[in-house]
Amino acid sequence: MIPSSITDNIAKVQHRVGLSAKKCDRENDRILVLAVSKTRSAEEVREAFDCGLDHFGENYLQEALSKIESLAELPLNWHFIGPIQSNKTRPIAEHFQWVHSVERAKIARRLNDQRPAHLPPLNVCIQVNTSAEPSKSGALPGDVEALAQEIAQMPHLVLRGLMSIPAASDNEAAQRSAFGQLRSCFESLQPCHPSLDTLSMGMSGDMEAAVAEGSTILRIGTAIFGPRNG
Ligand SMILES: *Cc1c(COP(=O)(O)O)cnc(C)c1O
């Protein structure tokens with residue numbers, strides 16, 4: 001059988017992650033590759049699953065819900081990683097296992113209230129705007145602690161960690177400095193919040209720098225599925 005490009009790409013990503021982990025003496029199995037499947041078909045998700053990936057990240061709710069439904073027979077973990085409008089929280093609370101993009105208390109409260117009681121608590125990360133640019137999404141670093149305190153009181157959410165999307169750069173020092181900021185924010189919260197075990201940082205272009213700074217979830221789209229059309 002001729003390996004498809006997705007199969008090939010996943011092997012390459014795993015090789016890159018393995019090398020980066022080795023370089024900084026980290027355990028490879030503490031680093032999850034989250035396959036970002038926005039704009040990809042259910043068939044492409046199935047193919048990535050057949051290569052051993054079972055965590056998928058989606059940004060657009062309607063598109064995600066139709067994939068979740070058509071792949072319901074597979075044991076997949078779905079992560080919502082896109083911006084959240086408050087009128088869209090219910091289907092997110094009902095159909096996802098993780099949300100990486102919580103940036104304000106109102107959204108957290110709605111997710112908590114709408115999480116169905118028969119499901120385990122929803123895993124959440126606070127998205128942090130580490131560069132504190134007004135145009136970017138995420139909580140400002142100075143607001144993260146108060147938000148973490150609030151989420152920690154919510155019985156249907158588990159605060160797992162922090163997420164960031166730094167400005168794209170091909171300079172490794174700049175990449176590491178941005179990820180280092182998220183990591184220090186994490187380290188200042190962790191003593192009061194022992195449930196924190198997740199740093200969601202690093203994408204196709206900067207996964208090595210993210211691993212070096214302690215990433216535990218790499219969100220990888222194009223390096224797995226190829227360039228997105230549109
Ligand atoms: C699209 C997206 C990714 C994946 O980006 P690639 O560069 O394709 O790996 C990761 N995180 C978020 C939040 C995204 O929207």
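Note that these values count all heavy atoms, side chains included, but never hydrogens, waters or copies made by symmetry. As the structure lists them, so they are numbered: ligands from 1, and atoms in each ligand from 1. One-based numbering along the sequence shown.
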task: Using the side-chain hydrogen bond (donor to acceptor under 3.5 Å, both in side chains) rule, collect all pairs that involve residues 137-147, keeping only residues at least two apart or in two chains.
output: none
Return all side-chain donor-acceptor pairs below 3.5 angstrom for residues 161-168, not counting sequence neighbours, or 'none' if the list is empty.
none

Stepwise salt bridge (charged side-chain N to carboxylate O under 4.0 Å, His left out) check, Glu213 with Arg176: CA-CA 7 Å; Glu213 293 295 333; Arg176 286 197 56 166; 2.8 Å; yes
Between ligand 1 and the protein, which N/O pairs are shorter than 3.5 Å?
| residue | atom | partner | partner atom | Å |
| --- | --- | --- | --- | --- |
| ligand 1 | 8 (O) | Thr222 | N | 2.8 |
| ligand 1 | 8 (O) | Thr222 | OG1 | 3.2 |
| ligand 1 | 8 (O) | Arg228 | NH1 | 2.9 |
| ligand 1 | 8 (O) | Arg228 | NH2 | 3.2 |
| ligand 1 | 9 (O) | Ser204 | N | 3.0 |
| ligand 1 | 9 (O) | Ser204 | OG | 2.5 |
| ligand 1 | 9 (O) | Gly221 | N | 2.8 |
| ligand 1 | 11 (N) | Arg219 | NE | 2.9 |
| ligand 1 | 15 (O) | Lys38 | NZ | 2.7 |
| ligand 1 | 15 (O) | Asn59 | ND2 | 2.7 |

task: Considering only NZ, NE, NH1 and NH2 on the basic side and carboxylate oxygens on the acidic side, decide whether Arg115 and Glu94 come within less than 4.0 Å.
output: no
message: If the condition is side-chain contact (heavy atoms from CB on, under 4.5 Å), which residues does Gln62 pass it with, not counting sequence neighbours?
response: Leu65
message: Checking the side chain of Asn129 only, and the main-chain atoms of Glu133 only, is there a donor and an acceptor separated by less than 3.5 Å?
response: yes
